[in-house]
Number of protein chains: 2
Amino acid sequence: MNQDRPTKKTTIYDLAELAGTSASAVSAVLNGNWKKRRISSQLAEKITRLAEEQGYAINMQASLLRREKSKIIGMIVPKYDNRYFGSIVETFETMARERGLFPIITCTRRDPELEVEAARTMLSYQVEWLVSTGATDPDRISDICGAAGVGSLNLDLPGTKAPSVISDNFTGARELTRRILVNSERKLGAARPLLFIGGRGSDHNTAERVRGFRAAHADIGIPVDERHILTCGYAPEKAEMSLQALAMAEREVPSGMFVNSTISLEGVMRWIKRSGHYVDHSPVMGCFDWDPFAALLGDEIEMVRQDVQGMLNAVFEVIDHGARGASLIEIPPVFVDSNYALINDPMV
Amino acid sequence: MNQDRPTKKTTIYDLAELAGTSASAVSAVLNGNWKKRRISSQLAEKITRLAEEQGYAINMQASLLRREKSKIIGMIVPKYDNRYFGSIVETFETMARERGLFPIITCTRRDPELEVEAARTMLSYQVEWLVSTGATDPDRISDICGAAGVGSLNLDLPGTKAPSVISDNFTGARELTRRILVNSERKLGAARPLLFIGGRGSDHNTAERVRGFRAAHADIGIPVDERHILTCGYAPEKAEMSLQALAMAEREVPSGMFVNSTISLEGVMRWIKRSGHYVDHSPVMGCFDWDPFAALLGDEIEMVRQDVQGMLNAVFEVIDHGARGASLIEIPPVFVDSNYALINDPMV
DNA sequence: TTGAAAGCGCTAACAG
DNA sequence: CTGTTAGCGCTTTCAA
């Protein structure tokens, strides 16, 4: 507040001088360790008041240098452009703070180089744990952390060198597919094979979801058309182009779709709108992820919401109790009734 | 990599010993200051190689403690649940890194207490600048920073004690309103007064947008119905309830709306869908913010996209050149053709 | 009850 | 060309 020379920050030495005591006393008081060092409550109060008056803020760099633990926890996240990652970040921050940890988060924009650079930077800041969310090469990051004796954890996409917390993609996709097929049957009279679109065939989650997709078709005994499994990447344009190419190649347009992410769904919806193929009969749809506006699109679109709270509970379970194997923890996703989807959004 | 005792981290002393040289030489080499200290390139290379081998990571706490500048820049942000803030955070991170700054971001969930706590924590970490995004009480934060001699800046919502970078809400709202009115005329035969919904009447942005809304009506000489200015807050439920209450009170339902944010738009769209008032004739709409799925909703909905890149250019202009007055910088928002809205999304 | 002092890992004079 | 040294602000014995 009443700081006259804003250039230099108040230190515990300044406070000690003002209070006519020593820096160690100030430190003890300000850290609440003063019951142990039976400091007179009078002195304690004086110090506290002075600190307040001077707008004192501890220098964490100095404090952490001296301490053994940094209480800093890092997370890298690919993007901030959808509800899923947004919710992960927000929940992570909250849970970290609840534990007295200081979260630092950085967005690596799906760039492998940035990922490792970010990991190194976080190590420089002495993070005690690093959570890699949706990382392209999680094992690389685990190696870097491992070399520095820092724990790492994978979220959303699994790795083999650290505990991984992911959605139960297989079961979720199987159930989502089942629901779309049921809607297809209700709407079209008979269940017809669906199209799968979005994601990279090489990534674990997409592979598992394709497996669930196949299983659900097998469950009711209808065949999957291999040309209708379009793991074309995540970007909206990729999805749009794939569908366009498919429509050009075939005379019929898909009557139902399993869309692998909201980001792919953007491209799918755009194509549906622009192509003009569906003016009277919109396709039966499902999306492995959730978005409030997408929920309002078209007649009805089944959506799975990944259980972010559940996943982060598992993450902090590991952190709190320090397990370090390369276990794979799969969290069942949640199916939302589209009418209640918005109401139940924990982020609103 | 080949670190046998993962407990203790490698320091420059370890490296110095391994290289048979001193810590200061190591420090100089690792910081690239070795042209000044004409160190033999042979030694430099040896040190670099050793650092690599040992997986050495500088201890920032120690480095920053010694340095005068921390190169850390903080941002507080209310939520991660919409494209606007997501884009702000992502752009901010990128631009900070381009300048060699380390961004730390924290989400305060529109909680005034958390805001000041976060600001204090950031000061402890020696941030050089703090950007308050959409803060409920930006001046409070400026005071706290000012007392510590740290620069602060307001983004999205203005304050009076630090430079503020915001959208040109008045002009943007006036143009958005004009466009909705034009659509209204085209669709309904005549321009009819619109309803304004969302936001807090007390916040600067909402007040300015309401002013622009009125101005656009005045421009074409049609009166605004005061009961149709519903600054009911941002939450979707608030918007939904307000509309519901209005519909109960009046026999007619609004034919056109200006929605103040995507978050309010969620509630509006839900009400439109649930209330059943608009089965054959959807209302003419506009939203002061942008979302890719919202862009695909209904017939057409005019959207303004706030110019995040432009706003952050202005933010870093201040930071790079160190202006500190309480200037107000207003950035014109951008009108997106709904057909190209997705293609132009810088975040995709 | 309290203060003095050492030292966390690093940087930047300064002295060779 | 290179090493020695003095701190940065804080925590934590240890001694008084």
Short side-chain N/O contact to dT2(D) OP1/OP2 from S40(B), under 4.0 Å:
yes
I58(A) side chain, from C-beta outward: closest of dG9(D), dC10(D), dG3(C):
dC10(D)
Between dG9(D) (P) and L123(B) (CG): distance, integer Å
16 Å
Atom CG of N31(A) and atom C1' of dG9(D) are separated, to the nearest Å, by 12 Å
Between E93(B) and Y80(A), does any side-chain donor sit less than 3.5 Å from a side-chain acceptor?
yes
When rounded to the nearest 0.5 Å, the distance separating CD1 of I47(A) from CD of E52(A) is 14.0 Å
Any salt bridge between K79(A) and E90(B), counting N to O under 4.0 Å?
yes
What nucleic acid atoms does S27(A) come within less than 4.0 Å of, heavy atoms only: base, sugar-phosphate, or nothing?
base
Think S22(A) has a side-chain N or O under 4.0 angstrom from the OP1 or OP2 of dG3(C)?
yes
Does a distance-only test, which skips hydrogens and angles, find a donor-acceptor pair under 3.5 Å between the side chain of Y13(A) and the base of dC10(D)?
yes
Neighbour count >12 (heavy atoms, 6.0 Å) for atom CZ, R140(B)
no
Nearest-nucleotide pick for S24(A), side chain only, options being dC10(D), dG3(D), dG3(C):
dG3(C)
Once you round it to whole Å, what is the distance between P of dG9(C) and CD of Q126(A)?
9 Å
Rounded distance (Å) that lies between atom P of dG9(D) and atom CZ of R67(B):
15 Å
Rounded to whole Å, the CG-P distance (N59(B) to dG9(D)) equals 16 Å
I12(A) CD1 - dC8(D) P separation (whole Å)
12 Å
Return no unless some side-chain N or O of Y56(A) is found under 4.0 Å from OP1 or OP2 of dC10(D).
yes
From CG of L65(B) over to C1' of dG7(D), roughly how many Å is that when rounded to an integer?
9 Å
Can you tell me which nucleotide in dG9(D), dG3(C), dT2(C) comes closest to the side chain of T21(A)?
dG3(C)
May I ask you to say whether E45(A) pairs ionically with R49(A), meaning some side-chain N is under 4.0 Å from a carboxylate O?
no
Taking dC10(C), dG3(C), dC10(D) as options, the one with an atom nearest any side-chain atom of A25(A) is dG3(C)
From CG of L64(A) over to P of dC8(D), roughly how many Å is that when rounded to an integer?
18 Å
